[in-house]
Number of protein chains: 4
Amino acid sequence: MIVVMSHCATEEEIKAVSAWLEREGFQIHLSRGVERTIIGAIGDRTRLAGSGLEAMQSVERVVPILQPYKLASRTFQAEDTIIRAGGLEIGGDTIHVIAGPCAVESREQLLQSARIVRDAGATMLRGGAFKPRTSPYSFQGLEEEGLKLLAEAREETGLLIVTEVMDTRTLQLVAEYADILQIGARNMQNFLLLRELARLDKPVLLKRGPSATIEEWLMAAEYIMSGGNYNVILCERGIRSFESYTRNTLDLTAVPVVKDLSHLPVIVDPSHAIGRWRYVPAMARAALAAGADGVMVEMHPKPAEALCDGSQSLTPANFEAMMKDLRRFAGAMGRKMP
Amino acid sequence: MIVVMSHCATEEEIKAVSAWLEREGFQIHLSRGVERTIIGAIGDRTRLAGSGLEAMQSVERVVPILQPYKLASRTFQAEDTIIRAGGLEIGGDTIHVIAGPCAVESREQLLQSARIVRDAGATMLRGGAFKPRTSPYSFQGLEEEGLKLLAEAREETGLLIVTEVMDTRTLQLVAEYADILQIGARNMQNFLLLRELARLDKPVLLKRGPSATIEEWLMAAEYIMSGGNYNVILCERGIRSFESYTRNTLDLTAVPVVKDLSHLPVIVDPSHAIGRWRYVPAMARAALAAGADGVMVEMHPKPAEALCDGSQSLTPANFEAMMKDLRRFAGAMGRKMP
Amino acid sequence: MIVVMSHCATEEEIKAVSAWLEREGFQIHLSRGVERTIIGAIGDRTRLAGSGLEAMQSVERVVPILQPYKLASRTFQAEDTIIRAGGLEIGGDTIHVIAGPCAVESREQLLQSARIVRDAGATMLRGGAFKPRTSPYSFQGLEEEGLKLLAEAREETGLLIVTEVMDTRTLQLVAEYADILQIGARNMQNFLLLRELARLDKPVLLKRGPSATIEEWLMAAEYIMSGGNYNVILCERGIRSFESYTRNTLDLTAVPVVKDLSHLPVIVDPSHAIGRWRYVPAMARAALAAGADGVMVEMHPKPAEALCDGSQSLTPANFEAMMKDLRRFAGAMGRKMP
Amino acid sequence: MIVVMSHCATEEEIKAVSAWLEREGFQIHLSRGVERTIIGAIGDRTRLAGSGLEAMQSVERVVPILQPYKLASRTFQAEDTIIRAGGLEIGGDTIHVIAGPCAVESREQLLQSARIVRDAGATMLRGGAFKPRTSPYSFQGLEEEGLKLLAEAREETGLLIVTEVMDTRTLQLVAEYADILQIGARNMQNFLLLRELARLDKPVLLKRGPSATIEEWLMAAEYIMSGGNYNVILCERGIRSFESYTRNTLDLTAVPVVKDLSHLPVIVDPSHAIGRWRYVPAMARAALAAGADGVMVEMHPKPAEALCDGSQSLTPANFEAMMKDLRRFAGAMGRKMP
């Protein structure tokens with residue numbers, strides 16, 4: 001940590017800040033420039049109570065040097081994490097495709113979707129059972145009934161189930177049915193929920209919040225890991241920007257960046273990021289080329305009749321064409337698709 | 001709702017979309033331009049299942065005409081909502097200042113803060129009891145013990161208590177102690193929590209999410225109102241932008257915009273938006289000038305020792321100076337401060 | 001164009017707006033909903049003087065239906081534009097790589113760069129001769145001397161020259177030397193410059209501005225095309241977002257979107273978007289997978305000694321490795337690389 | 001400047017970077033933490049050729065400590081700059097209002113506008129003579145004819161003239177007529193133009209670019225000042241964010257921030273930032289409360305007939321009401337209005 005003193009800081013103020021840092025257990029290095037004095041503070045920043053330092057009139061700013069996350073970092077673990085779930089390995093040589101409808105709407109819709117995506121090569125089925133939506137007047141999901149249908153689809157197709165858990169109260173229920181627990185973008189910093197996930201041993205698919213920096217995303221992963229659950233899969237799903245032609249701006253550069261900073265697997269959800277099915281296959285390809293360990297896409301047997309997000313769902317035919325494409329790009333990356 | 005057909009839509013496709021809309025209960029108007037056919041659809045959009053229309057190849061885009069919120073809109077209620085809590089009126093002639101530390105840290109810290117802010121003219125005390133923080137290694141709040149201290153501070157000073165509720169499980173507990181329930185920015189779209197707040201009759205202070213549009217913010221208010229709780233106070237607290245000198249970008253224009261679109265009271269929290277105490281008093285003044293019904297600011301007896309967000313907390317002296325200033329600006333707006 | 005009347009618009013106001021539109025040459029369709037009256041206006045929006053309509057108290061908002069650009073749109077021209085320059089075809093089957101240093105620094109540096117990128121398979125050489133930089137205290141380019149060195153490099157290697165033109169005064173000079181004129185991101189809306197480019201028949205590489213929407217970018221292309229120069233190559237180079245780990249956020253989704261809305265070729269510059277060489281090869285691959293017609297990357301013989309943007313320049317070895325990779329991805333896309 | 005070495009940097013690499021820095025004239029301080037070695041480098045960063053350091057594999061990142069601008073900073077000059085133009089003082093006790101139409105459209109429109117704004121208390125007249133617009137099909141301004149009309153309006157009303165200069169070729173022409181040269185938001189980083197302005201002694205009104213950080217804005221001022229022209233007035237006019245209800249997001253916090261970092265005067269243009277006249281008066285008041293030295297607003301005798309930006313122009317009546325308001329707020333700030 002570097003403390004940059006104000007250009008009008010007095011000698012006593014510099015001493016006071018130095019003393020404060022030493023009391024907090026830091027070893028300090030003073031460096032006097034022509035215009036500013038800076039204090040290098042070596043020690044465990046997590047022990048620092050607050051951001052009290054910047055409240056001092058004499059301190060211009062505090063520059064952190066180390067990443068605030070530890071367990072999620074490459075410094076902590078150099079080799080890639082491979083997450084095992086139901087016989088699959090995520091983060092290894094194999095590219096995985098998670099596919100299915102936005103919401104579980106009915107037994108027929110879900111089973112049909114499951115068969116289509118399995119036949120085309122997906123290994124996991126997605127589908128929301130709890131769907132609190134932007135509008136209180138929209139379809140809110142089948143809840144437990146939806147979870148049961150997901151389990152039935154797994155039974156029939158062998159696909160693993162990825163479904164979202166919305167809050168601490170329904171966590172146990174969802175965990176009974178899901179193979180991988182999805183944390184939605186809006187819940188990325190729901191720390192009470194993250195803390196409880198930390199106590200389970202189920203893999204967690206952690207979506208990036210629409211206004212979360214890469215560092216905040218990795219800090220959310222750290223929350224889960226610091227409680228003991230190391231099975232975190234990161235999922236880039238677009239950030240909010242001024243561009244409004246697409247729903248969000250898919251930040252694909254986050255893929256190689258996160259692979260560099262962290263050992264955790266990364267997948268990409270182009271459907272939610274873009275909000276328009278037309279551009280999903282191109283960006284799924286691009287995700288693999290950027291180094292993602294898989295993609296998560298929406299497919300609906302009849303998008304025009306979807307109760308939720310039909311505009312971003314691929315038809316079965318478009319999905320199958322995309323899967324053929326992806327197989328070629330997995331090959332170009334030296335990876336496999338089942 | 002306007003449906004813009006693709007420029008290569010065939011006559012059959014136009015008929016198919018028209019028929020679909022009529023089946024969903026819309027009355028339609030066809031308008032054929034030189035390059036595009038557009039279909040005006042009159043009816044209750046909330047009955048529309050999904051965004052399935054945009055999944056059709058022949059549809060270029062769907063343009064909503066009406067605001068998606070109803071109860072929160074000025075169209076629904078022309079006169080300003082005035083919220084009554086513990087003898088105070090929020091949204092009327094009187095400007096209210098909510099002040100206090102970021103987190104409840106100790107009995108002494110809280111009671112001292114409460115006296116200082118009351119003596120300077122604040123009418124409500126803020127302070128977090130549950131503080132799940134960006135880092136799992138930071139101070140996480142005193143929880144129920146903190147709520148008890150807030151109640152004690154109310155007892156002694158007569159200030160109303162504004163404190164954050166983090167999730168559905170602790171809602172009942174927090175509601176027992178708080179006069180106004182704060183929904184934090186990260187929870188603005190925690191719809192399960194909003195739905196439960198809708199069943200209480202406590203006023204809710206709804207912070208705008210850092211990546212929420214004004215429309216999404218009003219939709220979150222609509223969630224609470226649609227369940228029967230009309231006591232919603234909106235709180236602008238900064239949105240995320242590329243400017244990194246301040247923590248967030250305080251969107252003060254949202255104040256007159258929301259006053260125009262909605263009848264709900266609006267207050268402004270410059271402390272969290274900016275993240276640096278130096279600029280808080282200027283922006284609190286600007287908030288009043290923009291038409292806010294009050295401000296919420298952080299004050300700590302000793303910011304440099306704060307366990308949380310000391311960098312944005314005013315000292316007692318700075319707080320008192322700001323309050324004098326605000327009184328003058330409330331006057332210039334033709335409003336009162338207690 | 002759809003004019004949405006305010007919910008309190010009177011019958012006279014609706015008539016006044018209708019009359020105004022008819023006077024401006026629009027054919028109108030009135031549609032009265034329960035809450036709002038909307039007026040559909042069919043006609044040539046470019047004849048509309050200003051945005052005066054929205055100044056009327058009775059008008060809530062004006063919703064454009066047609067894209068504001070014409071010549072740049074797929075509606076105007078369905079098949080892809082292929083741009084011919086010095087024997088190359090850009091926008092056809094062949095993927096092109098434009099490479100070289102940020103700035104022309106010396107004869108040796110430039111010629112060495114040119115040989116390296118040509119040997120690895122690039123077909124065009126980039127290099128700035130005019131480099132007005134963020135800081136007035138930084139290196140500002142070799143100016144005409146730099147242009148001469150670029151011409152010499154072309155002579156020796158056969159590479160086409162892509163270099164930036166900064167303003168109208170130096171346009172003729174730069175046009176004498178360059179094969180393709182680059183418009184930098186900061187100049188995307190320098191309309192006086194665009195108007196002059198419109199009179200040349202040189203191809204223009206038009207970088208997207210860091211805060212430009214896709215529509216504004218296509219409007220900038222329209223400026224050049226409306227003056228008679230149809231040889232516009234679009235270049236995505238990152239937009240500004242809150243994420244600060246990378247310099248900008250590369251918006252790769254813009255590639256398939258622009259390919260859908262327009263017939264113009266699109267290339268991607270990952271170097272400037274990201275600002276860190278480490279992630280450039282992954283994003284160059286992803287650009288091809290997204291459908292780009294080429295990439296533009298920075299390569300410097302000795303990045304650590306670069307006078308400009310060394311942090312984003314690939315070394316010769318990294319560049320060569322990337323080119324091998326790209327060849328494989330061009331193949332996976334069914335395209336060629338020379 | 002702090003150089004943070006990679007956690008896997010070897011002893012030789014640390015030595016190599018240290019030696020490199022010393023060769024460049026820096027005095028260095030080595031500080032070895034548990035996980036990283038950091039090198040403090042004291043010296044004149046402007047002498048640093050490029051960002052070559054970050055191109056080295058062993059360097060994780062470079063953290064600048066000093067602000068990159070000098071002449072524009074409070075460190076360089078502690079007291080406020082007061083700019084004198086035609087008998088007025090900008091940046092002193094007096095609040096100035098610059099008002100007028102977006103574009104000069106006709107003699108009658110301009111003279112009428114000038115009289116209205118002068119009578120209501122404005123001291124300067126704005127109006128564009130060169131109006132290259134987003135669309136090549138829109139009104140592009142009266143050019144020199146417009147400048148002559150502005151001069152005539154000055155003659156008649158005594159108002160100073162503020163008008164935009166678009167490029168280096170028309171700079172001399174515009175400078176003959178204008179009292180204050182406005183640099184538009186899109187030209188904030190047109191460094192060739194800034195360099196030429198630096199050689200004049202006319203005051204410059206420098207608008208913030210829509211995607212410019214505060215630091216980049218001050219660097220643009222530095223460009224002008226480093227060439228010898230210290231008469232720079234900064235103008236906040238909104239930054240681009242995801243919120244689309246307003247055209248841009250007015251960043252009023254930039255006012256106290258810039259007043260803290262710099263000695264230059266700051267004014268605010270709410271009209272362009274917001275794009276809707278309804279909210280302009282509230283934000284003009286808020287600008288004064290935030291500490292601005294003035295505001296710049298659009299007023300048109302008949303906004304609905306404006307050839308440009310009518311939607312953001314106040315009517316004469318609304319303008320006069322706003323001026324009365326502002327007078328009260330100038331008073332609350334302890335400042336005067338003429």
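Throughout, protein chains are lettered first and strands after them, A, B, ... in sequence-line order, and every chain is numbered starting at 1.
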Asker: Out of C/Ile239, C/Ile274, C/Thr246, return the one with the most heavy atom pairs under 4.5 angstrom to chain A.
Answerer: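 Most pairs with chain A among the choices: C/Ile239.
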Asker: Checking C/Ser241 against chain A: side chain, backbone, both or neither under 4.5 Å from a heavy atom?
Answerer: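 Contact with chain A involves the side chain of C/Ser241 alone.
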Asker: Could you tell me which non-hydrogen atom of C/Phe242 sits nearest to which non-hydrogen atom of A/Arg240, and how far apart they are?
Answerer: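 Looks like CE2-O, 3.7 Å.
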Asker: Between A/Thr213 and C/Tyr245, is any pair of side-chain heavy atoms under 4.5 Å apart?
Answerer: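 SC-SC contact between A/Thr213 and C/Tyr245 ruled out.
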Asker: For a 4.5 angstrom cut-off between non-hydrogen side-chain atoms, does C/Met333 reach A/Arg285?
Answerer: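 Sidechains of A/Arg285 and C/Met333: in contact.
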Asker: Could C/Arg208 and A/Glu243 be called an ion pair, given the rule that one side-chain N must be under 4.0 Å from one carboxylate O?
Answerer: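 Salt bridge between C/Arg208 and A/Glu243, a charged N being under 4.0 Å from a carboxylate O: yes.
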Asker: Could you have a look at A/Leu288, A/Asp260, A/Val255, A/Leu250 and say which one has the most heavy-atom pairs with chain C under 4.5 angstrom?
Answerer: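 Top count of heavy-atom pairs under 4.5 Å with chain C: A/Asp260.
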Asker: Is there a side-chain contact between A/Thr249 and C/Thr249 (heavy atoms, below 4.5 Å)?
Answerer: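 Yes, side chains in contact.
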Asker: C/Ala289, C/Ala254, C/Ala273: which one forms the most heavy-atom pairs within less than 4.5 Å of chain A?
Answerer: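 Max contact count across the listed options: C/Ala289.
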Asker: Count the heavy-atom pairs under 4.5 Å between each of C/Asp325, C/Val257, C/Leu261 and chain A, then report the option with the highest count.
Answerer: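 Ranked by heavy-atom pairs under 4.5 Å with chain A, first place is C/Val257.
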Asker: Are any non-hydrogen side-chain atoms of A/Pro256 and C/Arg278 less than 4.5 angstrom apart?
Answerer: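 No, every pair of side-chain atoms sits at 4.5 Å or beyond.
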Asker: For chain A, which candidate among C/Gly331, C/Ala284, C/Ala282, C/Pro270 shows the most heavy-atom pairs at distances under 4.5 Å?
Answerer: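 Going by pairs under 4.5 Å, I would pick C/Ala282.
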